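Report on the structure given below.
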Amino acid sequence: MKEIKHFINGAFVGSASGKLFDNVSPANGQVIGRVHEAGRAEVDAAVKAARAALKGPWGKMTVAERAEILHRVADGITARFDEFLEAECLDTGKPKSLASHIDIPRGAANFKVFADLLKNVANETFEMATPDGAGALNYGVRRPKGVIGVISPWNLPLLLMTWKVGPALACGNCVVVKPSEETPLTATLLGEVMQAAGVPAGVYNVVHGFGGDSAGAFLTEHPDVDAYTFTGETGTGETIMRAAAKGVRQVSLELGGKNAGIVFADCDMDKAIEGTLRSAFANCGQVCLGTERVYVERPIFDAFVARLKAGAEALKIGEPNDPEANFGPLISHKHREKVLSYYQQAVDDGATVVTGGGVPEMPAHLAGGAWVQPTIWTGLADDSAVVTEEIFGPCCHIRPFDSEEEAIELANSLPYGLASAIWTENASRAHRVAGQIEAGIVWVNSWFLRDLRTAFGGSKQSGIGREGGVHSLEFYTELKNICVKL
Ligand SMILES: NC(=O)C1=CN([C@@H]2O[C@H](COP(=O)(O)OP(=O)(O)OC[C@H]3O[C@@H](n4cnc5c(N)ncnc54)[C@H](O)[C@@H]3O)[C@@H](O)[C@H]2O)C=CC1
Ligand SMILES: O=C(O)/C=C/C=C(\O)C(=O)O
């Protein structure tokens, strides 16, 4: 049985405690590996290694030298594409057809984009007048923030972890990564790539374990970490923020959502259906940007529901290696229990189950997996928990609306504000509505279309801060102003 170790100070090491936990395949329920669980000792060793590496060759490199190494990291991921793909799909059960287009290429791109950005970014300068007439010159310099704690989730493991590690390293920081306990493989494999690319020991560290009372908490409570970046559930974000408050450490939090799609009668129906299908069901609905609330203008409501139902029923459920499959399992049985509890709640609350609502029949070799059916409901009240709480499963509720104002009010009615998708061919309306949606990201006639230079993050309870492009610099560097009296 494969053992998955921590990556600390450039070496793969086990836990002193000898504690290991199972890595379970979501596709069939089989144990695929045993993972070392970090105690305080391993977390401390990783933080110490990161701190020391800041003072070593990494801290002395020029931006161009670091960028060259990060390009090698990206190329290393691409060179070992099939291994990363295999590992990601083993951990998550997601179809290879999906991970080969999204997860792995983005894992590589996250290093290249930020390496290039850092090489080209300018700093601010201000000339100022002084009473003696000689003046002064202010200029900003950016310095790495230090040791960054990276706590990442299981839904897009490599993509989301490197989305943080790429800019953190490009800015000259060192990192301690705590990947989700559900998905330890690609973060570990990346350690090998880092070594081969010439990243000095201690710059990239990985500790495995759970959240509370385990590696996650030990990392967020560690006094020698300078800042934390986290993607995951809103409640976990609050816990991490509380821990980071001790010592006044900065946090960047990308949290939950209950995102709205708004479909106007003047939309291009084919595009709206294709986009909404992806936004509700891609990655088995486990994307924080996904649409779980769909508001459709009344004249096209029935037609839209019928077509989305047909699209959901055409999804091909299957294991990662099935080339036809575009719909995998949920991450775990624990998560399936949560999703199925909402499926039951919908029925209890009087929903019309348009399609799905249960567990699909699977062949014997996949019967132990965490499979659920893609599910669509109509007819729920606006205050049903199914409509107001993040389910993080392959499901959506569709409700009609009668005016632009009503659609905006419904979209903005929840305490989340991560993402939204608007479907209309009327350009004025698109701009007008997009400007009024309370969310960090609004797509018009698209979904999950990502330019890594843009600001990314949530408003309200969906997060704090923005990452992406120059916005990542704000988090991963300290901006110092130097004022020179002339
Ligand atoms: N991208 C997103 O928005 C995600 C949302 N979720 C939502 O969260 C629910 C629960 O899933 P979980 O995997 O438990 O998400 P989570 O937010 O608890 O876990 C994400 C990461 O945080 C770590 N973590 C958990 N508690 C921690 C703590 N006290 N201190 C430090 N680190 C901690 C976990 O080990 C994992 O690495 C899901 O059902 C889903 O609704 C889960 C994963 C991703
Ligand atoms: O950075 C991206 O393109 C995707 C982000 C997705 C999430 O943060 C998520 O699903 O949790």
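Note that ligands are numbered from 1 as they come in the structure, with each ligand's atoms numbered from 1 the same way. Just so it is clear, the structure is predicted and the values come from calculations on it, not from any experiment. Along the sequence shown, residues are numbered consecutively beginning with 1.
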Would you please test Trp163 and Phe475 for ring pair (Phe, Tyr, Trp, His ring centres under 6.0 Å) and show each step? CA-CA 13 Å; Trp163 170 244; Phe475 181 69; over 10 Å; no
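- The ligand atoms of ligand 1 that sit less than 4.0 angstrom from a heavy atom of Thr231 are 1 (N).
- Residue Glu254 does not touch ligand 1, judged by heavy-atom distances below 4.0 Å.
- Nearest protein neighbour of atom 16 (P) of ligand 1, counting heavy atoms only, is Thr236 OG1, 3.5 Å.
- The aromatic ring centroids of Phe21 and Phe210 lie less than 6.0 Å from each other.
- At a heavy-atom distance under 4.0 Å, no atom of Ser214 approaches ligand 1.
- The protein does not reach atom 14 (O) of ligand 1 closely, with no heavy atom under 4.0 angstrom from it.
- At least one donor-acceptor pair under 3.5 Å links the side chain of Asn259 to the backbone N or O of Leu289.
- Nearest to atom 24 (N) of ligand 1 among the protein's heavy atoms is Gly211 CA, 3.5 Å.
- With 3.5 Å as the limit, one finds no donor-acceptor pair spanning the side chains of His397 and Thr378.
- Under 4.0 angstrom from ligand 1, the non-hydrogen atoms of Lys338 all belong to its side chain.
- A salt bridge does not link Lys258 to Glu390: none of the charged side-chain nitrogens sits closer than 4.0 Å to a carboxylate oxygen.
- The minimum heavy-atom distance between Glu474 and Lys145, with the atom names listed, is O-NZ, 3.8 Å.
- Close contacts between ligand 1 and Glu390 involve ligand atoms 7 (C), 41 (O) [criterion: under 4.0 Å to a heavy atom].
- Ligand 2 has a nitrogen or oxygen under 3.5 angstrom from a nitrogen or oxygen of Glu254.
- In the vicinity of Cys288, heavy-atom distances shorter than 4.0 Å reach the ligand 1 atoms 1 (N), 2 (C), 3 (O).
- Distance from atom 44 (C) of ligand 1 to its nearest protein heavy atom, with residue and atom name: Pro153 CB, 3.4 Å.
- Taking every non-hydrogen atom of Leu159 and a distance limit under 4.0 Å, the qualifying atoms of ligand 2 come out as 1 (O), 2 (C), 4 (C).
- Proximity of Glu319 to Leu366: side-chain heavy atoms (C-beta onward) are separated by under 4.5 Å at one or more points.
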Applying salt bridge (Lys or Arg N to Asp or Glu O under 4.0 Å) to Asp116 and Lys112, what does each step give before you reach the verdict? CA-CA 6 Å; Asp116 292 344; Lys112 285 201 169 156; over 6 Å; no
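- Taking every heavy atom of Leu156 and a limit of under 4.0 angstrom, the matching atoms of ligand 2 come to 6 (C), 10 (O).
- Of all the listed residues (Ala215, Gly393, Ala217), Ala217 holds the heavy atom that lies closest to atom 30 (N) of ligand 1.
- Applying the 4.0 Å criterion to heavy atoms of Lys178 picks out, from ligand 1, the atoms 34 (C), 35 (O), 36 (C), 37 (O).
- Proximity to Phe230 (heavy-atom distance under 4.0 Å) selects the following atoms of ligand 1: 17 (O), 20 (C), 21 (C), 22 (O).
- Nearest protein heavy-atom neighbour of atom 32 (N) of ligand 1: Gly216 CA, 3.6 Å.
- A perpendicular orientation is assigned to the rings of Phe392 and His335, their planes being inclined by more than 60° (bins at 30° and 60°).
- Trp377 places no side-chain N or O within donor-acceptor distance of the main-chain N or O of Gly357, the cut-off being under 3.5 Å.
- Shortest contact from atom 36 (C) of ligand 1 to any protein heavy atom: Ser152 O, 3.6 Å.
- Within ligand 2, counting atoms from 1 as listed, the ones closer than 4.0 Å to a heavy atom of Val287 are 10 (O).
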Please test Lys96 against Asp322 for salt bridge (Lys or Arg N to Asp or Glu O under 4.0 Å), starting from the C-alpha separation and ending with a verdict. CA-CA 8 Å; Lys96 284 190 173 166; Asp322 180 344; over 6 Å; no
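- Polar contact with ligand 1: present for Glu233 (N/O pair, distance under 3.5 Å).
- Salt bridge Arg399/Asp382: present, at least one basic N to carboxylate O contact under 4.0 Å.
- Residue contacts with ligand 1, taken as heavy atom pairs separated by less than 4.0 Å, do not involve Gln286 at all.
- Ligand 2 lies out of reach of Gln286, whose nearest heavy atom is not under 4.0 Å from it.
- No side-chain donor-acceptor contact under 3.5 Å links His208 to the backbone of Lys178.
- Atoms of ligand 1 found under 4.0 Å from any heavy atom of Ile151, numbered from 1 in the order shown, are 21 (C), 22 (O), 23 (C), 32 (N), 37 (O).
- Of all atoms in ligand 1, numbered sequentially from 1 with element shown, those under 4.0 Å from a heavy atom of Glu181 are 34 (C), 35 (O), 36 (C).
- The heavy atom nearest to atom 3 (O) of ligand 2, considering only Glu467, Arg450, Lys164, is found in Arg450.
- Among the atoms of Trp163, none of the N or O lies under 3.5 angstrom from an N or O of ligand 2.
- A side-chain donor-acceptor contact under 3.5 Å links Thr92 to the backbone of Lys94.
- Ligand 2 places these atoms under 4.0 Å from at least one heavy atom of Thr231: 8 (O), 11 (O).
- Within ligand 2, counting atoms from 1 as listed, the ones closer than 4.0 Å to a heavy atom of Leu160 are 5 (C), 6 (C), 7 (C), 8 (O), 9 (C), 11 (O).
- Scanning Trp154, Phe392, Phe456 for the heavy atom closest to atom 5 (C) of ligand 2 points to Phe456.
- Here the protein heavy atom with the shortest distance to atom 1 (N) of ligand 1 is Asn155 ND2, 3.5 Å.
- Close contacts between ligand 2 and Arg106 involve ligand atoms 1 (O), 2 (C), 3 (O) [criterion: under 4.0 Å to a heavy atom].
- Looking at Phe210, Phe392, Tyr228, Trp154 and measuring to atom 12 (P) of ligand 1, the nearest heavy atom belongs to Trp154.
- In terms of modelled atom types and a separation under 3.5 Å, the side chain of Tyr228 and the main chain of Leu219 share a donor-acceptor contact.
- Side chain of Asp103 to main chain of Pro157: no donor-acceptor pair is present (N/O by atom type, distance under 3.5 Å, no hydrogens or angles).
- The closest approach between a heavy atom of Asn283 and any atom of ligand 2 is not below 4.0 Å.
- Thr477 places no side-chain N or O within 3.5 Å of a backbone atom of Leu479 that could act as its donor or acceptor partner.
- The backbone N or O of Gln286 sits less than 3.5 Å from a side-chain atom of Asn155, completing a donor-acceptor pair.
- Among all non-hydrogen protein atoms, the one lying nearest atom 11 (O) of ligand 2 is Cys288 SG, 2.9 Å.
- Of all atoms in ligand 1, numbered sequentially from 1 with element shown, those under 4.0 Å from a heavy atom of Gly212 are 26 (N), 27 (C), 28 (C), 29 (N).
- No donor-acceptor pair closer than 3.5 Å links the side chain of Thr375 to the backbone N or O of Cys395.
- Judged by distance alone, the side chain of Asp349 and the main-chain N or O of Ala381 form no donor-acceptor pair under 3.5 Å.
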